[in-house]
Amino acid sequence: MADMKMLDASDRGLSTGYMMWYRFSRNPAAVIGTLILTSVVVLAVFAPWLTPYPKHVGAVVDFRARHVAPDVTHWFGTDKVGRDIFSRTVFGLRVSLLLVIGVLGISVPIGTVLGLVAGYFGGWVEKLITGLTNVMLAMPPLVMALAVSNLLEPNLMNAMIAITLLWWTWHARLIYSVSKSIASEDYIEAARLAGAGPMHILFREILPNCVAVISVKTTLDAAFVILFGATLSFLGFGVKPPIPDLGSMVADGRQFMPGYWWEVVCPGAAVFYVTLGFNLLGDGLRDMFDVES
């Protein structure tokens, strides 16, 4: 009887997808991360309707409401020119998510394709791609981003360019190591002997086995992209006012510390909140896909 009760997942008819979802849903941190990011996305998408002062995202000045402490009217207080910090923080989350979409939407496909090509073909192609990747990785990321941002006009698009020039390298190196090991598997050789072309092998045989690591890496990278973008804005090389950006809001408010602490703490807490959500979700995906750390 005991043996009959100890049936594995396949005997019970449970699919692999169901088991992955079960591992994910049983991870409290992953569920919390999902809820955090869901709230961030909802706030960012519906910001014009959910914020009490949507016009305060622009060059609005109300000196009668300068440095108002958090209350029922202004949940996060107001800044040095009387703008509602909660409204600007919510719109700042929208800017951060746009930065993540722009950077990872470009760097992940580029890094993935280069990693696949280097790992599968080897030879001079591998040496060329890995050599370029190693050169880019040898450069301090922040210094490189500051140099690029200094040459271009500070705005959201150029901040994306500066970060994207660095970020594809991490994905290229990761996918290269994975595809290199997969390329020597017997089923890859069998597909080659059966007449499958390189494109079929790369994108139908190797790439599906990289989806798990790509998903985990991309989710965790989203948190770093937000921190990187906030750092550029904090240093004056990212998004420029009056466009609300969490990094520039912290930079503007630091001169009024500690008296008007909310001008730094509230946008800083928003950065922590969204990066925490991405990190928790990434850990949950790692457990769901059973990816080794």
Side-chain angles (χ1 to χ4, degrees), residues 17-52 54 57 75-76 85-109 111-112 156 159-160 163-164 167-168 170-171 174 210-234 238-239 243-250 265-291 293:
Y18 177 86
M19 293 305 298
M20 292 166 59
W21 167 250
Y22 179 78
R23 287 197 298 267
F24 181 85
S25 62
R26 296 289 292 179
N27 187 328
V31 175
I32 293 173
T34 302
L35 293 176
I36 289 175
L37 292 181
T38 300
S39 66
V40 169
V41 171
V42 170
L43 285 173
V45 172
F46 299 101
W49 300 276
L50 296 179
T51 53
V57 300
W75 296 348
F76 289 180
I85 295 178
F86 174 76
S87 299
R88 292 181 60 80
T89 298
V90 171
F91 277 89
L93 290 173
R94 170 183 281 190
V95 172
S96 296
L97 292 181
L98 288 175
L99 184 64
V100 169
I101 294 172
V103 171
L104 297 182
I106 297 174
S107 61
V108 173
T112 298
L156 181 61
M160 288 182 183
I163 301 176
T164 303
W167 227 268
W168 67 267
W170 303 100
H171 289 268
L174 174 65
C210 300
V211 170
V213 294
I214 292 173
S215 301
V216 174
K217 175 66 174 173
T218 301
T219 306
L220 295 175
D221 275 0
F224 287 103
V225 170
I226 291 174
L227 289 174
F228 215 81
T231 301
L232 288 178
S233 296
F234 179 85
V239 180
I243 298 176
D245 180 85
L246 301 176
S248 59
M249 291 173 65
V250 172
V265 172
C266 291
V271 174
F272 172 79
Y273 182 74
V274 66
T275 54
L276 176 65
F278 276 114
N279 280 315
L280 293 178
L281 179 59
D283 288 340
L285 291 177
R286 183 181 57 195
D287 292 340
M288 183 179 74
F289 291 119
D290 196 22
V291 175
S293 302

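Residue numbers count from 1 along this sequence. FYI, side chains are in, hydrogens and waters are out, and symmetry mates aren't considered; it's all heavy atoms of this structure.
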Could you pull out the closest heavy-atom pair between Ile106 and Pro109, with the gap in Å? O-CD, 3.4 Å

How far apart are the closest heavy atoms of Val213 and Leu174, and which atoms are they? O-CD2, 4.1 Å

For residues 89-100, which residue pairs qualify under side chain to side chain donor-acceptor pair (under 3.5 Å), counting only residues two or more places apart or in two chains? none

pair Val274-Ile36: side-chain heavy atoms closer than 4.5 Å: no

Sequence neighbours excluded, the answer for ring pair (Phe, Tyr, Trp, His ring centres under 6.0 Å) partners of Phe224 is none

Roughly how far apart are Leu104 CG and Thr164 OG1, rounded to 0.5 Å? 8.0 Å

Checking Ile101 now: which residues fulfil side chain to side chain contact (heavy atoms under 4.5 Å, CB included) with it, not counting sequence neighbours? none

Between CG of Leu285 and OG1 of Thr219, what distance do you get to the nearest 0.5 Å? 4.5 Å

In the structure I gave you, are the side-chain heavy atoms of Ile85 and Pro267 within less than 4.5 Å of one another anywhere? yes

Minimum heavy-atom distance between Leu99 and Gly229, given as atom pair plus value: CD2-CA, 3.6 Å

Please enumerate all residues that pass side-chain hydrogen bond (donor to acceptor under 3.5 Å, both in side chains) together with Asp221, with sequence neighbours excluded. Trp167, His171, Lys217

Residues in side chain to side chain contact (heavy atoms under 4.5 Å, CB included) with Leu227, at least two apart? Val271, Thr275

Pro48 versus Phe91: any side-chain heavy-atom pair under 4.5 Å? yes

What are the two closest heavy atoms between Leu97 and Ala44, and how far apart are they? CD1-CB, 3.7 Å

Give me the atom names and distance for the closest heavy-atom approach of Val250 to Gly268. CG2-N, 3.9 Å

My understanding is that only residues two or more places apart in sequence, or in another chain, count here; which of them pass side chain to side chain contact (heavy atoms under 4.5 Å, CB included) with Phe272? Leu276

With sequence neighbours excluded, tell me which residues meet side chain to side chain contact (heavy atoms under 4.5 Å, CB included) with Val42. Thr38, Phe46, Leu50

Nearest-0.5 Å distance that lies between atom CG in Asp245 and atom CG in Leu98: 11.0 Å

Taking all non-hydrogen atoms of both residues into account, name the closest pair between Met160 and Gly102 and its distance. SD-CA, 3.9 Å

Mind checking the OG1-CG spacing from Thr34 to Leu280? Nearest 0.5 Å is all I need. 9.0 Å

Hits for side-chain hydrogen bond (donor to acceptor under 3.5 Å, both in side chains) against Ser87, two or more places apart or cross-chain, chain-then-number order -> Asp84

Is there a side-chain contact between Ile243 and Val57 in this structure, where contact means two heavy atoms from C-beta onward sitting under 4.5 Å apart? no

List for me each residue that meets ring pair (Phe, Tyr, Trp, His ring centres under 6.0 Å) alongside Phe76, sequence neighbours excluded, and say none if there are none. Phe86

